[in-house]
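Presented below is the structure to which this report refers.
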Amino acid sequence: MTGQHLLLGQVLRFDGTPFADIGAARHIRRGAVLVVDGRIADHGDADALCAAHPQATRHDYGAGLITAGFVDAHVHYPQTAIIASWGKRLIDWLNTYTFPEEMRFGDPDVAAEIAARYLDLTLSHGTTTACSYCTIHPESVDAFFTAAQARGLRALAGKTCMDRNAPDGLRDTAQGAYDDSRALLNRWHGVDRLSYVITPRFSPTSTPEQLDALGALWAEHPDCLMQTHLSEQVDEVEWVHDLFPEARDYLDTYERFGLLGPGAVFGHAIHLTGRERARLKDTGASLIHCPTSNTFIGSGLFDMDGLMAEGQRIGLATDTGGGSSFSMLRTMAAAYEVAQLMGRALHPAELYWLATAGSAQALRLDEKIGNIANGLEADLIVLDLASTPAIAQRAARADDIWEALFPTIMMGDDRAIRQVWIGGVPRG
Ligand code: GUN
Ligand code: ZN
């Protein structure tokens with residue numbers, strides 16, 4: 001559906017980051033968003049926009065809250081079917097649940113079925129962009145991008161490269177990782193709304209030769225993002241020290257192979273040294289907070305306040321299926337709880353910014369998605385702020401938008417997602 005649409009309801013958007021100024025969050029009680037040919041053409045007061053655009057098709061959501069769709073900055077779509085697997089910490093969890101499941105993705109039919117399942121699940125939870133790891137198999141990347149393309153989504157993904165410390169059938173080589181990644185990049189990067197992401201899984205599963213080869217590929221394609229994992233669990237950090245005795249720290253195992261810079265996206269980033277924090281900041285890399293995963297796998301508490309204060313670029317993610325939910329609402333709730341344990345209550349505006357504009361910025365897509373601003377792509381959601389009896393009775397007592405929104409952040413799920421718009425098209 002192209003043409004002109006006027007979405008009417010409450011509107012929430014950001015003029016900047018609420019971590020610097022809470023006033024950057026802008027709420028209009030009776031607002032409107034004008035969508036023209038897939039982009040946001042205007043936004044503001046409902047009466048004024050209705051008068052100015054009588055020709056636009058109206059979609060009146062009443063008290064529904066219109067915002068940007070959620071941007072999930074770190075997921076593993078192949079782990080969809082093993083989410084909520086019991087009782088293991090990171091390395092055992094990978095060996096017990098993850099690697100056997102990822103083995104199945106050499107079959108294009110399996111990959112296509114799970115990619116479709118993943119995207120339909122996350123869309124129903126209001127996520128309009130995900131940045132996904134795939135598996136070692138090029139077929140798994142083709143399946144994800146094909147499914148995202150069919151749904152008109154902006155999506156990011158890459159082949160997950162591993163050439164050691166992984167089982168037979170789940171390892172490539174340094175040259176194979178370079179060749180496969182380059183071929184996939186050439187096939188998909190910049191096609192429709194899709195971006196290829198160079199993806200070494202993490203330094204324990206890559207030899208120095210493979211990291212070097214992927215660093216070379218990134219140098220040849222600096223407009224791509226590079227994603228990997230960094231300092232998730234203490235045991236993992238110690239293992240990295242054993243595997244790379246010459247490295248100064250975990251980050252250095254990437255830095256020395258050209259895998260650090262603007263466009264580097266590091267998942268978890270919990271147990272960081274002072275040097276690592278300084279280098280991440282100076283190079284313009286992004287850190288992705290995965291709070292449900294960090295509690296579920298027992299990894300640790302992300303230092304949101306300290307890292308924000310030093311000016312790091314930070315996004316938010318479910319980390320499906322190490323994370324225990326597909327919902328960015330549940331993920332915001334976990335981010336709130338983790339920050340509370342660190343002594344800081346994140347404001348609802350900060351949480352919502354992280355799940356939308358912050359993640360878009362971390363993926364260097366903030367000029368395309370993640371906010372309501374003229375010219376951005378119209379990936380929008382409409383929230384029902386009274387989606388369950390428990391939420392409704394609390395929201396009924398609210399004096400302002402933040403008190404009305406916070407119960408949905410803390411207790412909401414896919415039932416709170418009333419409508420999703422993808423590139424100016426309402427879904428379903
Ligand atoms: N570190 C390396 N691979 C993974 C993964 O699949 N999930 C999580 N949470 N951490 C990882
Ligand atoms: Zn991950």
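In this chain, residues are counted from 1 in sequence order. Atoms within each ligand, like the ligands themselves, are counted from 1 in listed order.
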### Query
Considering the options Arg193, Arg427, Arg151, which one meets the salt bridge (Lys or Arg N to Asp or Glu O under 4.0 Å) requirement together with Asp379?
Arg193
### Worked check of ring pair (Phe, Tyr, Trp, His ring centres under 6.0 Å) between Trp402 and His27
CA-CA 10 Å; Trp402 306 121; His27 171 244; 7.3 Å; no
### Query
Where is the nearest protein heavy atom to atom 10 (N) of ligand 1: which residue, which atom, and how far?
Glu232 OE1, 2.7 Å
### Message
Show the atoms of ligand 1 that are less than 4.0 angstrom away from any heavy atom in His76.
### Response
5 (C), 6 (O), 7 (N)
### Task
Classify the angle between the aromatic ring planes of Phe144 and Tyr118 as parallel (below 30°), tilted (30 to 60°) or perpendicular (above 60°).
tilted
### Task
Taking only heavy atoms of Trp93 into account, list the atoms of ligand 1 that are under 4.0 Å away from them.
5 (C), 6 (O), 7 (N)
### Task
Begin with the C-alpha distance, continue with both residues' side-chain angles, and end with the deciding distance and a verdict on ring pair (Phe, Tyr, Trp, His ring centres under 6.0 Å) for His347 and Phe406.
CA-CA 9 Å; His347 191 279; Phe406 195 53; 8.7 Å; no
#### Entry: Side chain Thr146, main chain Ala143, donor-acceptor under 3.5 Å
no
### Message
Using a 4.0 Å cut-off to any heavy atom of Phe202, which atoms of ligand 1 qualify?
### Response
1 (N), 2 (C)
### Query
Going through the checks in order, is the side-chain hydrogen bond (donor to acceptor under 3.5 Å, both in side chains) test met by Glu101 and Tyr97?
CA-CA 6 Å; Glu101 178 66 9; Tyr97 299 118; over 6 Å; no
### Message
Give the atom numbers and elements of ligand 1 that come within less than 4.0 Å of a heavy atom of Asp319.
### Response
8 (C), 9 (N)
### Query
Which is it for His289 and His268 under the ring pair (Phe, Tyr, Trp, His ring centres under 6.0 Å) test, yes or no, and what are the steps along the way?
CA-CA 5 Å; His289 182 28; His268 303 279; 9.2 Å; no
### Under 2.8 Å from the Zn ion (ligand 2) - protein N/O/S, by chain and number
His74 NE2, His76 NE2, His229 NE2, Asp319 OD1
### Message
Does the plane of the ring in Phe19 sit parallel, tilted or perpendicular to the ring in Trp353? Use 30° and 60° as the thresholds.
### Response
perpendicular
### Query
Do the two ring centres, one from His59 and one from His5, sit under 6.0 Å apart?
yes
### Query
Touching ligand 1 at all, Tyr133? Heavy atoms, strictly under 4.0 Å?
no
### Task
Answer yes or no for His268: is there a heavy-atom contact with ligand 1 below 4.0 Å?
yes
### Message
Return the closest protein heavy atom for atom 3 (N) of ligand 1 as residue, atom name and distance.
### Response
Arg201 NE, 2.8 Å
### Query
Going by the order shown, which atoms of ligand 1 are within less than 4.0 Å of some heavy atom of Leu90?
8 (C), 10 (N), 11 (C)
### Exam field: side chain Arg13 to backbone Ala373, donor-acceptor pair closer than 3.5 Å
no
### Query
Under 30°, 30 to 60°, or over 60°: which ring-plane class applies to Phe105 and Tyr77, parallel, tilted or perpendicular?
perpendicular
### Query
With a 4.0 Å heavy-atom cut-off (strictly under), which part of Leu94 contacts ligand 1: side chain, backbone, both or neither?
side chain
